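Just so it is clear, the model here is predicted, and its values are computed rather than measured.
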Amino acid sequence: MALVNGIQRPSRARSAHDLVTHGIGQNIMQGHFPVGSILPGDGELMELFGVSRTALREALKTLAAKGLIESKTKVGTKVLDRNNWNMFDADILEWHLEMGVDARFLGWLFEIRQTLEPLACATAALRRTPEQLKVMHKALQGMYGCESNRQGFTKADLAFHQAILEASGNPFLQSIGSVIGAALATSFTISSPVSSDDRFNEVMRQHQAVFDAIEQRQPSAASDAMASLILQAAERVQIKHAESSLARIQIHAFSGAD
């Protein structure tokens, strides 16, 4: 990525729309376009990224939908505060990872995992189908087979967690797959479970406990097992946490009236 007048310009290996969306998005993340500032005018942005006005306009619409910017007549396009950003958006997560995440951001990822994944496990224990359990089991076996393969383990681990989200039967939980993927990918670059036999065995014991509870349709046990797994992962990458962050809640599966 080239730096032009202090602003990063991505390579041309993307479509015009993606080029501008990615370029402006990353520059916002990195503070080249600070929160509260007004983006350069259309002409300057078109020249910077080498794209047409149509491509630029479509990219700005995409960024607005992600909560990054807002356009106002006679004012221009303003960079919005972080609390407006859709942090579940896969692109926003990718841009954060590309620039490198700090301990605070990684802590936020673990907090949202701790909030939602135990619930996903509990509902998966109540709702999973035999076919979904087979997918989960295949991913688990893939993890067992990657004791010394970091990339393979990461792929199988993500497949395991995504299978749980799918088995929850809740589309809101299913939509957080990109967050889980970002957390796992970042965690494994810091400290991988396959870095030692003891660590690998402990991680697999915890994943097996999650699977067993879901298989046996034990929602509370599944929730507890996932909560413990996430806390252990946070400790592995040296993310501090308070005991109060581990919420114990009673799990209910809600359904609409017939």
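Side-chain contact check for Ser148 versus Phe200: every heavy-atom pair is 4.5 Å or farther apart. Under the 4.5 Å side-chain criterion, counting only non-hydrogen atoms from C-beta, Leu45 is not in contact with Val20.
Applying the side chain to side chain contact (heavy atoms under 4.5 Å, CB included) test to Val135 and every residue at least two apart in sequence or in another chain returns Ala163. Remark: Gln208 engages Tyr144, Asp212 in a side chain to side chain donor-acceptor pair (under 3.5 Å) (not counting sequence neighbours). Considering only residues two or more places apart in sequence or on other chains, Ala124 meets the side chain to side chain contact (heavy atoms under 4.5 Å, CB included) condition with Ile164, Ala167, Ile214. Not counting sequence neighbours, the partners of Ala159 by the side chain to side chain contact (heavy atoms under 4.5 Å, CB included) test are Ala139. Considering only residues two or more places apart in sequence or on other chains, Gln206 meets the side chain to side chain contact (heavy atoms under 4.5 Å, CB included) condition with Glu202, Leu229, Gln232. Applying the side chain to side chain donor-acceptor pair (under 3.5 Å) test to Glu166 and every residue at least two apart in sequence or in another chain returns nothing. Under the rule for a salt bridge (Lys or Arg N to Asp or Glu O under 4.0 Å), Glu111 has no partner lying at least two apart in sequence or in another chain. Listed by chain and residue number, Glu117 satisfy the salt bridge (Lys or Arg N to Asp or Glu O under 4.0 Å) test with Arg113 (two or more places apart in sequence, or in another chain).
Under 3.5 Å, the side chains of His22 and Glu98 contain a donor-acceptor pair of N or O atoms.
Looking at Ser223, its side chain never comes within 3.5 Å of a backbone N or O of Pro219 through a donor-acceptor pair. The main-chain N or O of Asp197 is found under 3.5 Å from a side-chain atom of Asn201 such that the two form a donor-acceptor pair. Under a 3.5 Å cut-off, the side chain of Arg82 and the backbone N or O of Met87 do not form any donor-acceptor pair. The closest donor-acceptor contact from the side chain of Ser228 to the backbone of Ala225 lies at 3.5 Å or more, if one exists at all.
For residues 206-227, every residue pair satisfying the ring-ring contact (aromatic ring centres under 6.0 Å, His included) rule, not counting sequence neighbours, is listed here: His137-Phe211, Phe160-His207, His161-His207. The stretch residues 59-68 participates, sequence neighbours left out, in these side-chain hydrogen bond (donor to acceptor under 3.5 Å, both in side chains) pairs: His17-Thr62, Lys66-Asp89, Lys66-Asp91.
With a 6.0 Å radius and a threshold of 12 heavy atoms from other residues, nucleotides or ligands, Glu215 has its CD atom above the threshold.
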Would you tabulate the side-chain donor-acceptor contacts of residues 48-55 under 3.5 Å, counting partners in other chains and residues two or more places apart, or write 'none'?
{"residue": "Ser52", "atom": "OG", "partner": "Ala55", "partner atom": "N", "Å": "3.2"}
{"residue": "Arg53", "atom": "NH1", "partner": "Asp42", "partner atom": "OD2", "Å": "3.2"}

Which pairs of donor and acceptor atoms, one on a side chain in residues 68-81, lie under 3.5 Å apart (sequence neighbours left out)?
{"residue": "Ser71", "atom": "OG", "partner": "Thr77", "partner atom": "OG1", "Å": "3.0"}

